[in-house]
Amino acid sequence: MDPATLGNLFEILMLLGFASAWPFNIVRSYRAGTAVGTSPYFMIIIEFAYVCGMLSKVAGDNVNYVFAFYVLDFALVAIGISIYFRNRKLDRMNGRTTIGPRD
């Protein structure tokens with residue numbers, strides 16, 4: 001296997017490793033129905049990192065099948081962020097105070 005293909009394989013495995021954790025987080029957050037203990041800043045930093053990875057592929061003229069895995073991960077984190085805002089709204093409706101970022 002040539003080094004470029006091997007590099008792409010390891011990059012995909014890294015991205016799949018991260019992607020495998022997000023569905024559990026999404027389901028847990030949705031079921032919890034609260035934003036308490038959730039850090040939107042953390043998720044925004046993760047999104048920034050995925051954007052940097054995608055821009056690296058574009059800047060290096062290396063947009064290939066690996067790019068799709070960056071998009072997948074980005075989409076999963078975006079879902080997590082949207083659930084955070086849904087849960088924050090539920091917290092307000094139920095009179096709960098969240099721990100962490102304030103408006």
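Basis for what follows: all heavy atoms, side chains included, without hydrogens, waters or symmetry-related copies.
In the hydrophobic cluster analysis, where Ile, Leu, Val, Met, Phe, Trp and Tyr join through side-chain heavy atoms closer than 4.5 angstrom, Y70 is grouped apart from L13. F10 and I12 fall into different hydrophobic clusters, where Ile, Leu, Val, Met, Phe, Trp and Tyr residues are linked whenever their side-chain heavy atoms come under 4.5 Å apart, directly or through other members. A continuous path of Ile, Leu, Val, Met, Phe, Trp and Tyr side chains, each step under 4.5 Å between heavy atoms, connects F85 with I46, placing both in one hydrophobic cluster. Hydrophobic cluster membership differs between V51 and I45, with clusters built from Ile, Leu, Val, Met, Phe, Trp and Tyr side chains linked at under 4.5 angstrom. V77 and F67 fall within the same hydrophobic cluster, where Ile, Leu, Val, Met, Phe, Trp and Tyr residues are linked whenever their side-chain heavy atoms come under 4.5 Å apart, directly or through other members.
One finds the CG atom of N25 at 13.5 Å from the OH atom of Y84 (value rounded to the nearest 0.5 Å). Rounding to the nearest 0.5 Å gives a distance of 10.5 Å between CZ of F69 and CD of E11. A distance of 13.5 Å separates OG in S29 from CZ in F24, rounded to the nearest 0.5 Å. Taking CE of M54 as the reference point, atom NZ of K57 lies at 12.0 Å (rounded to 0.5 Å). Here the CG-OG1 distance, from N64 to T5, works out to 9.5 Å after rounding to the nearest 0.5 Å. Here the CG-CG distance, from L72 to L16, works out to 7.5 Å after rounding to the nearest 0.5 Å.
Within the 4.5 Å cutoff, the side chain of I81 has no heavy atoms near those of the P40 side chain. A 4.5 Å side-chain heavy-atom check between T34 and L90 finds every atom pair outside the cut-off. A 4.5 Å side-chain heavy-atom check between M43 and F48 finds every atom pair outside the cut-off.
The only option from V71, L76, L55, D73 that meets the side chain to side chain contact (heavy atoms under 4.5 Å, CB included) definition with Y50 turns out to be D73.
Between the side chain of R88 and the backbone N or O of I83 there is no donor-acceptor pair closer than 3.5 Å.
Of all the heavy atoms in R86 and Y30, the pair that sits closest is NH1-O, 3.3 Å.
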